[in-house]
Enquirer: 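Please see the structure below; I have some questions.
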Amino acid sequence: MFREVQSTVSLPELEREIIEFWRERGIFRKSLQKPAPEGNFVFYEGPPTANGKPGVHHVISRAYKDLFPRFKTMQGYHVNRKGGWDTHGLPVEIAIEKRLGFTSKAQIEEYGIERFNELCRSYVFENIQDWNEMTERIGYWLNLDDAYITYDNGYIESTWWIMKQLFDRGLLVEDYKTTWHSPSSNTTLASHEVSLGYQEDVEDPSVFPKFAANGQDLLKAGVPPEGDSPNVYFLAWTTTPWTLGANTALAVKPGATYALVQAPKKHGQEAEEKDLYILAHDLVEQVFGETGEVLATFPGENLKGVRYEPVLEGQVPAGTDMAAAYRVILDDFVTLDDGTGVVHLAPAYGDLDLGRKHGLPTIFSVSLTGEVMPQVRAPGTSGDGPYAGMWFKDADEHIANDLLERGLLYRSTTIRHSYPFNWRDGTPLMNVAKKSWYLRTTAVKEQLLANNERINWVPDHIKHGRFGKWLENNVDWALSRERYWGAPMPIWESDDGERICVGSVAQLSELAGRDLSDLELHRPYVDEVTFEKDGKLFRRVPYTVDVWFESGAMPYAQWHYRGEQETPQAHEQLAANFPADYICEAVDQTRGWFYSLHALATLLTATSEDGEPLGPLAHLVGSTPAYKNVISLGHIVDENGEKMSKSKGNVVDPWTVLDAQGADALRWNLYSSSPPGATKRFSQALVDETVRDFFNTLWSTYYFFVLYANLDEPDLAAAPPAQERPLVDRWLAARLTQLVTEVTEQLENYDPTGATRNIRDFVVDELSNWYVRRNRRRFWKSEDDFDKLSAYASLYEALVTVAKLIAPMAPFTSDAIYRNLVLSVDPEAPESVHLAHWPTANESLIDRELLRDMATLVKVVELGRAARAGSGVKTRQPLPELLVRVPTEAQLEGLKRFERELLEELNVKSVRYLDVTADFVEYSIRPNLPLVGKRLGKKIPALRKALEEIDTRMVARNARDGATTTIELEGETFEFEPEAFLLDAKSPEGFAAVEEEGYLAAFDTRLSPELLREGMARDLVRLVQNARKNAGLEVSDRIDLGLVVDGELRQAAGEHLERLKSEVLAHDVNFGELGNGAYSESGEIEGNSLTITLKPVSN
RNA sequence: GGGCGAUUAGCUCAGCUGGUUAGAGCGCGUCGCUGAUAACGACGAGGUCGGUGGUUCAAAUCCACCAUCGCCCA
């Protein structure tokens, strides 16, 4: 009937069979083609780069990605899972540079961009085979045949189209940008390259330049003129003297107190002349020690706008308006922790954003190759300055010395701090403003925030935390890169600065006057395309585009979408696949892909306040974020909470786990061990525990069913409807229904942790260790066909439903169970669980009272087991009577429905139900705090005291009768409903009893000879069963049994002969030995020795 | 330096809007049970709920500060 099932299973082996089956029968393809009455569920694959071997962290994100498309497919959605590969970017270039032994960009150009990019192109798919194998092995269904690849011409052309849209709206502009620049190789470094090169404990100058304040302005500012000295200086502090020529402002802190101080002209020359200084009052002592005398104090605000003299001039670009320069500004970024509280600002070298904020001009002191410019000289002098051409770090000392000499430096010393260096050649970096192309995301900041409100973040704190804060502090997106292996920026420029942004190959062909449809859109080929327009020659700007822009363009570029040039079908395709219903990546993508998708979608779908389309996609899809639900995964660490890294040797290779425990166990462990956003501790041991705890239990339940169903061949189609089955079956149906409802809701809320834990508890605790254990006799013993068929049908339905519920999480095991159970009964059913429909809950099966009563039974059984253990009487020995008390009358009545289960489970002959006020039960009473706490407030301690002295039996009676109890507390009278109190029943004297929260179970342990003999009979059964097992018999084999027993034991065996025979499937029982090669073994029961002989007989 | 998150038993984790005696699984010990289960059941050992202070009749839970770890940014 069903395919035979082994009692233990090798999941990895099973999974390989299922993979083979999926492949042969094209199950994934069929899941895409099956009817989708619910429409599209859109999933976006965040593209990985296939250059390295995939690790556990890749497995985890793919496991989470896979779950929801499977779930939604079963719910009747169509889920197109287009794969994708990220191919461009600096890490690829660096890998190639490393292979070629290059340390600078010049070497790349010398080698040839064409050859270099060719190496990059082949490198990015170096490990594609490993990726594909891993993807298939873990059951990640993704359409890899039709994957998008970011280096494809079509993909690049789509990014061009997007850039043109933004350029035309004035959102793609060129401006200065602060970058970490390596003057040794004249290159901007990417942020992660910068962090590679940070060095601790670097010695740098620490100088205190003196900027002469304008006396008139000071007067106006209310700073009192003091003494004879005409010179009042702002005392600043800097570690980069080479930037002093680029100074255009000084900043002070609003709200802070500043001081006018008289102190020596130079540090360490106390006896000499004094100067007047302005600095933060809090820092006077730190700077001057005992040598400074505070003459006056005033708020920092007073200093706003005061002019001062620069100590060095710099190179002023043509057209720069210097009117705003050399004044004091106010800004909260100024700190009073170190320095002087007066900050020297050089917008060109690190303070660009502050400069913008305060409208300061940007002037320069050092070239991009690290040489000091000739314009750097003392004000009022002319000709090339004394530092012209000097390496900028070498100039520091000369500048400091000259300023000391000119009386414009109070002190020159050194400090140790961390500073970034070029990670390749160890030369210092410069923080410098360079021209760069920006995407003006700040122009749509409000829409970015508004769209974020429409996204469901898991975990939810990301929404207003990490992501929301990032959006609130949004700065324009620096888009251009001075690199080679990337999508080229489609901007062509004439010598006089006219720019054309090209939106398609067709447009470029038109401009160039030749057909470029075969043009390879990478450097260097695209650089070779120039054209003339209006008599001017246009060349492409030398930049590539930030790879994050490409990834963010994926919703459009994966279809090679190019807006207005497209057919209606192409528009439809885009609209049907945008926005995403679900995406999932690790938390580090918050400012990566999560942001790039969000920013581009917001820009492209923007509408004006009155709903007019601004972005080119607004008319298609309206204003929308790029995704509606997003899971941001925590990172994975080893079992000690440490980051996995090769150097620590704690990296777990996914294949060791996949080969030993299998993909389902790995997936299930990932989903259930902690919520998606949590940092995950991971070890193979934990996955192994998942196998033992969940999969083995599920499998043995399934094995049990198949084993007995194949013996009995029940006609499942003829089973009575669930409502008409025995109580315990109806209970199982009710719990199963609840489970379906809950799991569906949990998955719809993107809570795989809750769903997997919920299913695990049902399968292990309720299905296996309660239902099957309690009911197993019904499967192999029942003479009652109705009862037996009900049991088979109930277990069958539970197993099939569980197989469907776990299908999205454990796609292999679920399919193996489903296929055997369902297709053996109904060959017309879908051939894979992944083509089946998600279970629906029939709420009418949820019988609340039944659920409550079973819960009561379980509780009483638990207490009963504890009481039996405490009684010293072994469980096999029947006891005469069980005494039970439960908190309410309703529960008591309900429990009576399960009396048979109670008697069997606790091996007891009868049960006595105690009235809730039964005389020999003592009570203690506690307040039900959640209920009365708020009402009583400060009177709680008084109530506790009152309850110690109250007549507990009266309260118990009131509870039974539903009457209120009146208690006076501190002069005030309170009426308490029965629920206001919790009654704990105390164990009666002389009984083996256990009580908890108003439940009580007690045993009468007086044993009669009859009961003792029954206990012996059960011992006998157990020994015979053991002997059967030792003899290597099958469960269903029938035997002839020979018993050599004496005395009490002989009598016990005689009295319970029929039971013995049926329990051990004995055809015949002889009191004597069976000869002729019968299996034989000896044992002992209660001091009586015995010999068991048995041999199988044919049925 | 800033932002976000975490910190509960030896390990992995639950603990909802403050409220009964802080729980589960694994591991450990003792006992029991077993012809579906590499299981199961009972009992036990194991916790200053990261620390300090505060609010409250009542704090693992709320507030403040601090510490450690992780991620992101500077």
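Sequence lines set the chain letters: A, B, ... in the order given, protein chains first and strands last, and positions in each chain run from 1.
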Enquirer: Quick one: side chain to side chain donor-acceptor pair (under 3.5 Å) partners of A:R1022, sequence neighbours excluded?
Expert: none
Enquirer: With sequence neighbours excluded, tell me which residues meet side-chain contact (heavy atoms from CB on, under 4.5 Å) with A:R1059.
Expert: A:E1014, A:R1018, A:E1063
Enquirer: Got a sec, which residues hit side chain to side chain donor-acceptor pair (under 3.5 Å) with A:Y349, two or more places apart in sequence or on another chain?
Expert: none
Enquirer: Measure centre to centre between the rings of A:F594 and A:W457, then say whether the value is under 6.0 Å.
Expert: yes
Enquirer: Mind checking side chain to side chain donor-acceptor pair (under 3.5 Å) for A:W548 and listing every partner two or more places apart, or none if nothing turns up?
Expert: none
Enquirer: Going by the rule ring pair (Phe, Tyr, Trp, His ring centres under 6.0 Å), which residues pair with A:Y771 if we only count those two or more places apart in sequence or in a different chain?
Expert: none
Enquirer: Under the rule for ring pair (Phe, Tyr, Trp, His ring centres under 6.0 Å), what residues qualify as partners of A:F704, not counting sequence neighbours?
Expert: A:Y708, A:F779
Enquirer: Quick one: ring pair (Phe, Tyr, Trp, His ring centres under 6.0 Å) partners of A:W699, sequence neighbours excluded?
Expert: A:Y702
Enquirer: Report the nucleotide, chosen from B:rU12, B:rA14, B:rG25, that has the shortest atom-to-atom distance to any side-chain atom of A:P675.
Expert: B:rA14
Enquirer: Which nucleotides of nucleotides 57-65 of chain B have their base under 4.0 Å from a protein heavy atom (B), which only their sugar-phosphate (S), and which neither (-), written as one string 5' to 3'?
Expert: B--------
Enquirer: Are there any protein N/O atoms within less than 3.5 Å of an N/O atom in nucleotides 34-40 of chain B, and if so, which ones and at what distance?
Expert:
| residue | atom | partner | partner atom | Å |
| --- | --- | --- | --- | --- |
| B:rU34 | OP2 | A:R876 | NE | 2.8 |
| B:rU34 | OP2 | A:R876 | NH2 | 3.4 |
| B:rG35 | N7 | A:Q1025 | O | 2.9 |
| B:rG35 | N7 | A:Q1025 | OE1 | 3.1 |
| B:rG35 | O6 | A:R1028 | O | 3.1 |
| B:rG35 | O6 | A:R1028 | NE | 3.1 |
| B:rG35 | O6 | A:K1029 | N | 2.7 |
| B:rG35 | N1 | A:L1033 | O | 3.2 |
| B:rG35 | N2 | A:L1033 | O | 3.2 |
| B:rG35 | N2 | A:V1035 | N | 2.9 |
| B:rA36 | OP1 | A:R776 | NH1 | 2.7 |
| B:rA36 | N6 | A:S768 | O | 2.8 |
| B:rA36 | N1 | A:S768 | OG | 3.0 |
| B:rA36 | N3 | A:S700 | O | 3.2 |
| B:rA38 | O2' | A:N696 | ND2 | 3.2 |

Enquirer: Just to verify, what does A:K939 make a side chain to side chain donor-acceptor pair (under 3.5 Å) with, not counting sequence neighbours?
Expert: A:E972
Enquirer: Please, what dot-bracket string fits RNA chain B when only Watson-Crick and G-U pairs with both distances under 3.5 Å count, crossing ones use [ ] and pairs to another strand use |?
Expert: (((((((..((((.....[...)))).(((((.......))))).....(((((..]....)))))))))))).
Enquirer: Reckon A:K469 has a side-chain N or O less than 4.0 Å from the OP1 or OP2 of B:rG3?
Expert: no
Enquirer: Can you identify which nucleotide, out of B:rG41, B:rG5, B:rU12, has its nearest atom closest to the A:R865 side chain?
Expert: B:rG41
Enquirer: Going by atom type alone, with no hydrogens or angles, which donor-acceptor pairs under 3.5 Å involve a side-chain atom of residues 761-768 of chain A and a protein atom two or more places apart or on another chain?
Expert:
| residue | atom | partner | partner atom | Å |
| --- | --- | --- | --- | --- |
| A:E766 | OE1 | A:R735 | NE | 3.0 |
| A:E766 | OE1 | A:R735 | NH2 | 2.7 |
| A:E766 | OE2 | A:R735 | NE | 2.9 |

